[in-house]
Amino acid sequence: MSVKIATWNVNSIRARADRIEAWLLRSDVDVVAIQETKATDENFPWELFENNGYEVAHFGLNQWNGVAIASRVGLDDVERTFMDQPHFGKTDDAVHAEARAIAATCAGVRVWSLYVPNGRSRNDPHMAYKLQWLDVLKKHAADWLQADPQAQIALTGDWNIAPRDEDVWDIEKFQREELTHVSEPERAAFRAFEEAGYIDVVRPIHPGPGTYTYWDYTQLRFPKKEGMRIDFILASPALASRVTDAIIDREERKGKGASDHAPVIVELD
DNA sequence: ATGGTTGCAAAGCAA
């Protein structure tokens, strides 16, 4: 049985409701991992998914971040945050970790919807937070594979990292201006997942250069084809062996009211 | 043209 799994940073689920509904009908995905809902459970549009045949689980604490998974092939063992997920700022405050990670098992695949923190700038405290957040997640991800080398795991989401020079539209500018997403510590953090056995299953099907998943709203970046590849589906080996196709749905970035990220889809046998 | 976009939420922050 073929299964389609997608990841999409929607940049507000309420502002994007109509486009998301149209996209669900058009894309025919079975599972979609969503980032940046910018919603709480109270104002989350549950009916948007339920009316279209999807179960949905959401994790949102305020107007920032927010992650969800919608599925029409089962949605079991929902998990919000991962163990010891770092907090930003004081460690002695009693607030929850930010709403950046949710998992569920869908058709036998452990799907994670991840919204990796933005480092803001290379020396900002948020960068250390980002790297720590990734390091803790990577340790768990490595443990899961060690415990079961046949596990079917999809680490999907907005990683806020461009792993290769070709993943940004002007690497010279990014390095000259010491921008984020392309720094060596960020790339090492991403590489650590690959070294743990996870595989970017979209890049082999859609190689670069010029293949992007995100285009800034400003400066006419999309029409000028000035984007970044920062949204990834990393698959465990057993899951990677099932991948038959992938799509970066650049069409969805077009027109009025688009998210600044395109959906990324993989098809499994 | 000293800006340029979007969303949340109600001024400024975040991306």
Side-chain angles (χ1 to χ4, degrees), chain A residues 7-23 33-46 48 58-68 85-90 93 95-101 113-134 156-163 167-170 173-174 177-183 186 189-190 212-232 249-264:
Chain A
T7 183
W8 188 12
N9 179 324
V10 297
N11 185 16
S12 172
I13 197 144
R14 289 173 287 164
R16 216 70 61 211
D18 289 348
R19 283 192 71 129
I20 291 169
E21 183 165 41
W23 181 83
I34 296 168
Q35 300 87 39
E36 271 208 276
T37 63
K38 293 185 170 177
T40 61
D41 282 354
E42 286 65 37
N43 58 28
F44 185 87
W46 305 96
L48 167 62
H58 176 243
F59 178 33
L61 299 169
N62 50 43
Q63 69 269 46
W64 294 295
N65 315 308
V67 284
Q85 182 180 315
H87 301 200
F88 180 77
K90 294 191 176 77
D93 62 7
V95 300
H96 300 279
E98 293 177 318
R100 294 181 175 276
S113 179
L114 304 166
Y115 181 38
V116 175
N118 188 307
R120 302 195 184 186
S121 67
R122 293 192 187 187
N123 294 316
D124 192 288
H126 287 88
M127 180 59 77
Y129 166 55
K130 173 182 190 173
L131 297 173
Q132 177 67 12
W133 196 96
L134 285 163
T156 85
D158 177 357
W159 292 73
N160 270 318
I161 297 171
D167 295 337
V168 297
W169 55 276
D170 185 348
K173 170 188 170 67
F174 274 71
E177 299 181 10
E178 301 188 349
L179 303 179
T180 60
H181 294 66
V182 299
S183 73
E186 290 168 283
F190 187 88
Y212 308 125
T213 65
Y214 161 87
W215 299 260
D216 196 289
Y217 283 127
T218 67
Q219 308 289 344
L220 298 174
R221 291 287 184 233
F222 183 67
K224 288 155 72 176
K225 305 186 190 305
E226 296 176 346
M228 303 167 69
R229 189 202 287 253
I230 57 176
D231 300 272
F232 296 97
D249 191 355
R250 194 176 168 282
E251 290 299 307
E252 180 52 37
R253 181 62 179 80
K254 295 181 178 176
K256 189 172 173 57
S259 170
D260 41 2
H261 294 253
V264 179

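Here is the naming used below: chain letters follow the sequence lines, and residue numbers restart at 1 for every chain.
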_I need the CG-C1' distance between A/Leu220 and B/dG4, as an integer number of Å._
8 Å
*asked:* On DNA chain B, compare the nucleotides closest to A/Gln219 and A/Tyr214; which residue's is nearer the 5' end?
replied: A/Gln219
*Looking at A/Trp133, A/Tyr129, A/Trp64, which one forms a ring-ring contact (aromatic ring centres under 6.0 Å, His included) with A/Phe88?*
A/Tyr129
*Between atom CG in A/Asn160 and atom P in B/dA15, what is the gap in whole Å?*
8 Å
*What integer distance in Å separates A/His261:NE2 from B/dT6:C1'?*
12 Å
*If we take the C1' atom in both B/dG7 and B/dA11, what is their distance in whole Å?*
14 Å
*A/His126 NE2 to B/dA15 P: how many Å, rounded?*
7 Å
*A/Lys224 has an atom NZ; how far is it from atom C1' of B/dT5, in whole Å?*
13 Å
*asked:* Please give the distance between the P atoms of B/dT5 and B/dA9 as a whole number of Å.
replied: 22 Å
*Out of B/dA15, B/dT6, B/dA14, which has the shortest distance to the side chain of A/Trp64?*
B/dA14
*asked:* If I pick the C1' atom on B/dA15 and the same atom on B/dG4, what distance separates them, to the nearest angstrom?
replied: 15 Å
*asked:* I need the CD1-P distance between A/Ile13 and B/dT6, as an integer number of Å.
replied: 20 Å
*Report the C-alpha separation of A/Leu114 and A/Asp158 in whole Å, then their side-chain angles, then the decisive distance to 0.1 Å, and conclude whether the side-chain contact (heavy atoms from CB on, under 4.5 Å) test is met.*
CA-CA 6 Å; A/Leu114 304 166; A/Asp158 177 357; over 6 Å; no
*Do any side-chain nitrogens or oxygens of A/Thr218 fall under 4.0 Å of OP1 or OP2 in B/dT6?*
no
*Counting side-chain heavy atoms from CB outward, which of B/dG4, B/dA15, B/dT6 is closest to A/Tyr217?*
B/dT6
*Atom-pair distance (NZ on A/Lys38; P on B/dT5), nearest Å*: 16 Å
*Is A/Arg221 near enough to B/dG4 that one of its side-chain N or O atoms lies under 4.0 angstrom from OP1 or OP2?*
no
_What verdict does the side-chain contact (heavy atoms from CB on, under 4.5 Å) test give for A/Glu36 and A/Val10, after you've listed the backbone C-alpha separation in whole Å, the side-chain angles of each residue and the deciding distance to 0.1 Å?_
CA-CA 6 Å; A/Glu36 271 208 276; A/Val10 297; 5.5 Å; no
*What integer number of Å spans the C1' atoms of B/dA10 and B/dT2?*
27 Å
_Charged N-O contact under 4.0 Å between A/Asp216 and A/Arg221_ = no
_A cation-pi test, strictly: NZ or CZ of A/Arg100 under 6.0 Å from the centre of the six-membered ring of A/Tyr115 and no more than 45 degrees from its axis. Yes or no?_
yes
_Sugar-phosphate, base or nothing in reach of A/Arg120, heavy atoms under 4.0 Å_ = sugar-phosphate
*Closest nucleotide among B/dA9, B/dT5, B/dG7 to the A/Gln63 side chain*: B/dA9
*Quick one: on DNA chain B, does A/Asn9 or A/Asn62 contact a more 5' nucleotide (nearest heavy atom)?*
A/Asn62
*asked:* Once you measure the plane-to-plane angle for A/Trp159 and A/Phe190, does it fall in the parallel (<30°), tilted (30-60°) or perpendicular (>60°) bin?
replied: perpendicular
*With the side chain of A/Arg14 defined as its heavy atoms from C-beta on, choose the nearest nucleotide among B/dA9, B/dA14, B/dT6.*
B/dA9
*Measure from the side chain of A/Glu36, starting at C-beta and using heavy atoms only, and say which of B/dG7, B/dA15, B/dT5 lies closest.*
B/dA15
*asked:* Please report the distance, rounded to the nearest Å, between NZ in A/Lys130 and C1' in B/dA15.
replied: 12 Å
